[in-house]
Amino acid sequence: MKACDRCGVQFRPALGRTTCLECTDAVNPRHYREHPSGVECIAITEAFGFNLGNVIKYVWRAGLKSADPTEDLRKAQWYLERELARIARTKRES
């Protein structure tokens, strides 16, 4: 058994790993699962369309994936602006 370099949880290392699977899950990483509410990000974003789901995702993880939340907030802003443009386009076409 070894302590994970990131979270300290004991795990059985394989092939020289230094972090547990919880910390290295590329599909559902910790910054999508560690919310004070206990709710996973995907449980919320699935109820929205693509653009708004991404807005929520990037706001959700802002400050969790890295110490500086500005990159994630800029990404959220980009998706929000894209959604606003989509709505405006839809209104013009109808």
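For clarity, every value in this text was computed on a predicted model and none was experimentally measured.
Within the 4.5 Å cutoff, the side chain of F50 has heavy atoms near those of the Y79 side chain. Put simply, the side chain of R61 reaches to within 4.5 Å of the side chain of K75, judged on heavy atoms. The shortest side-chain heavy-atom distance between I56 and F48 falls under the 4.5 Å cut-off.
Atoms OH and CZ, from Y58 and R74 in turn, are 14.0 Å apart once rounded to the nearest 0.5 Å. Once rounded to the nearest 0.5 Å, the distance linking CG of L64 with CG of D72 reads 8.5 Å.
For residues 44-53, every residue pair satisfying the side chain to side chain donor-acceptor pair (under 3.5 Å) rule, not counting sequence neighbours, is listed here: N51-E83.
Partners of K57 according to the salt bridge (Lys or Arg N to Asp or Glu O under 4.0 Å) rule, which considers only residues two or more places apart in sequence or in another chain, do not exist here. In this structure, S94 has no side-chain contact (heavy atoms from CB on, under 4.5 Å) partners at least two apart in sequence or on a different chain.
Among all heavy-atom pairs drawn from P69 and G63, the shortest one is CB-N, 3.5 Å. Contact detail for A62 and L73: the closest heavy-atom pair is CB-CD2, 3.8 Å. Of all heavy-atom pairs between E40 and W60, the closest is C-CZ2, 3.9 Å.
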*Could you go step by step and tell me if R89 and E93 meet the side chain to side chain contact (heavy atoms under 4.5 Å, CB included) rule?*
CA-CA 6 Å; R89 221 176 22 258; E93 292 170 359; 4.0 Å; yes

